[in-house]
Structures are given as structure tokens and as C-alpha cells.
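A short write-up of the structure that comes next.
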Amino acid sequence: MPSELVLDTDRLDQHLLRDTAVVRKLLETADVTAHDVVADLGAGTGVITQALASQPAARAPTRIHAVEIDPKFRPYLAALAHRFARVDVLWGDILDIRLDDVTKVVANPPFRLTEHLPRWLRRLDRLTSATLVMGRSFGRAAVARPGAAHYNRVSLNVQSRYVVTMVATIAPNGFHPPTRTPACLLHLVPRRPRPGLETAVDDAFSRRGGIRVKDLLRQLRNDSAALGSLPRRHEVVAAVRASPTTRRIHQRRLQELRSADLSLFMAELLHADAANQPDATNQSATNQADAG
Ligand SMILES: C[S@@+](CC[C@H](N)C(=O)[O-])C[C@H]1O[C@@H](n2cnc3c(N)ncnc32)[C@H](O)[C@@H]1O
């Protein structure tokens, strides 16, 4: 780690990866090929960008966009761009930069963007996966099943958009300087876009949802973008309508529901929809790691 660097942990979450085993695991999980265009979000000194660019030809992406906001990293990232023609550096805020050609994200992004990333990544039309270092409590919620202790709005936010796997946990001293809490490695594979359903989840949790449960279901049944072809939409909505949770709350407005009921209802909707997808066997959230 360059000793002259003064790192800003408070404002920019500058905890640089120093555990090379984690970098290897990131690459192994991302399974990048020569056809991919990869974004390293919050590139820092470029440890991930460099590892990606140094892969053997069949595994080195066509292009690597290293995105960074802090100019103190310019010498490191400029040196990488000079050494590897496939690397370019994009200076600015991750949330403002357009990355239309990106097929994979492989990154240790600033933790404060964690909650925004699941929604933001959906802007990338060509994205096939995101392999990300995240806080462990976020990761536990992201993979939690309904009814599990860590299940909460993060679970729905992530699972409505991705099939998610926790691949590993990372101890605080895997970073320089060490993080305050453990981190983890998450692998996200976008689900088929379901804008109506995603918006319903967002509305429900931002409490803009003055809509009654029964009207939301009717709206989703009629919204082809949300729930696919006609017979399936009916099946999904019928399955949710028939559940005891929904029968109990179907006259209520989303914003009146207790969090536990809201979570259960939204989870039923998502899981009924996932179960009705043709590739349903691959659509469940899994947790392969020892999240101990
Ligand atoms: C957790 S560090 C990771 C650095 C590097 N990827 C690594 O693993 O060693 C997060 C990086 O994101 C940068 N960063 C913070 N906020 C950012 C933002 N809004 N847009 C772009 N980069 C940002 C920080 O300057 C820092 O380099």
C-alpha cells in the first residue's frame, strides 16, 4: 500500500482492498471473458482494475472503465491506463456517470452507495452480473429468505431485481485501513426486468403507496411489463390473492400496513412471480457462504 496516501474514510469510504485472496475470489466469481466490458466502481489505486487487465487473453475484458471521484488516485490510474490499452479512467461520481456498454461490474464500491446500487445498476441495459464487496449486514439482508432474522426491506429491494448469492465474508483487516464492521462478497444476476413490480416494491417502502392491496394486485395483473404474459400474470396474482396474508390485508392501503405484513405480502408477490418464471430453478436467492 503506498505509504504517502492519506485516505479519506469518513467522506469517501476509502478502505482499499489489501487481501489478494479477496481480489482473486472477486475475479473467479465474476467469470469475466474477453467479450465483457467491465466497470470498476470506485477504483482507488486500481487494485481490481489491474487484476482484471492482467488476466490471460481469454479472461481479460475488452474494456475496463475505472470510475473514481478522488483526483489523488490520478497517478495510479493514469499509469494503469498507460500500461493497458483496454483500461480507461472515468472521473466523477459513480451515480452520475453513464456506462451504456458495461456487461459486468466488478468492484469494491464506497459503502455509502450500497443502498443505491441495486436500483442504479438496473440502468445498465447490458449488465449480466455484478460482483461487489459490500457490508456484511447488507449482504445478510440481501440473501435472507422471508421469515429469516435478517429479512427486511433490503431483501426485497435486492431480490426484486436480482438473483443474489453471498460468496464469502471478508474480515475488517482485509482492507487498509480496516473497516469498522466485516464485509462480504455478493454476486448479483439481474432478473428479467419487471418495472411494475420493482416500482411497487419501491413505492411500498418509501410509503408513497397509498394504494390498497387489492388495487395493487389488479394493477399488476393488468400491467404486462410487470408480470409477463397474460396467463402467467393471472396465475401469479391468483396465487398471491389466495394466501392467508393477502386475504387478511387486501382491503388495507400499503402505507397503513405494519412492516412485517408489508414484507410478507411483497415477498409473496416476488416469490410467486419467480416461481412462475420459466427458469424458476435458478431464481431463488441463495447463500453459499458461511455468514457466521
Ligand atoms: C472502498 S474504496 C475501494 C477502492 C479500490 N476499489 C480498492 O478496492 O482498493 C472506494 C473508492 O470509491 C471512491 N469513491 C467514493 N465515493 C465515490 C463516488 N461517489 N464516485 C466515484 N468514486 C467514489 C473512493 O475515493 C475510493 O477510492
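In listed order, ligands and their atoms are each counted from 1.
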One residue to check: [X]. Relative to ligand 1, which of side chain, backbone, both or neither has a non-hydrogen atom less than 4.0 Å away?
X	value
Phe175	neither
Ala43	backbone
Ile94	both

Under 3.5 Å, N or O to N or O, is [X] touching ligand 1 that way?
X	result
Leu41	no
Asn108	yes
Pro110	no
Gly42	yes
His15	no
Asp93	yes

message: When you measure from the heavy atoms of Phe73 to every atom of ligand 1, does any distance fall below 4.0 Å?
response: yes
Of the protein's non-hydrogen atoms, which lies at the shortest distance from [atom], and what is that distance?
atom	answer
atom 27 (O) of ligand 1	Glu68 OE1, 2.7 Å
atom 15 (C) of ligand 1	Leu12 O, 3.3 Å
atom 9 (O) of ligand 1	Leu17 N, 2.9 Å
atom 23 (C) of ligand 1	Ile69 CG2, 3.5 Å

- request: May I ask you to decide whether Asp31 forms a salt bridge with Arg59, counting only side-chain N to carboxylate O separations under 4.0 Å?
  value: yes
query: Got more than 12 heavy atoms from elsewhere within 6.0 Å of CD, Glu115?
result: no
[X] heavy atoms, cut-off 4.0 Å: which ligand 1 atoms fall inside?
X	value
Gln14	24 (C), 25 (O), 26 (C)
Val47	7 (C), 8 (O), 9 (O)
Asp13	1 (C), 2 (S), 10 (C)
Gly92	20 (N), 21 (C)

- request: Flag the pair Asp40 / His65 as yes when at least one side-chain heavy-atom distance between them is below 4.5 Å, and no otherwise.
  value: no
query: With side chains defined as the heavy atoms from C-beta onward, is the minimum distance between Val240 and Phe265 less than 4.5 Å?
result: yes
Do [X] and [Y] meet the criterion of a side-chain donor-acceptor pair at a distance under 3.5 Å?
X	Y	result
His15	Asn108	no
Gln219	Lys214	no
Ser243	Glu268	yes

field: Of all pairs that satisfy salt bridge (Lys or Arg N to Asp or Glu O under 4.0 Å), the ones with a partner from residues 157-174, not counting sequence neighbours
entry: Arg161-Glu198, Arg161-Asp202
query: So, the side chain of Lys104 versus the backbone of Ala130: is there a donor-acceptor pair under 3.5 Å, distance only?
result: no
- prompt: Counting N and O atoms only, with roles assigned by atom type, does the side chain of Glu256 sit under 3.5 Å from a partner on the main chain of Arg253, one being a donor and the other an acceptor?
  reply: yes
statement: Using a 4.5 Å side-chain heavy-atom cut-off and chaining through intermediate ILVMFWY residues, the residues clustered with Ile69 come out as Leu12
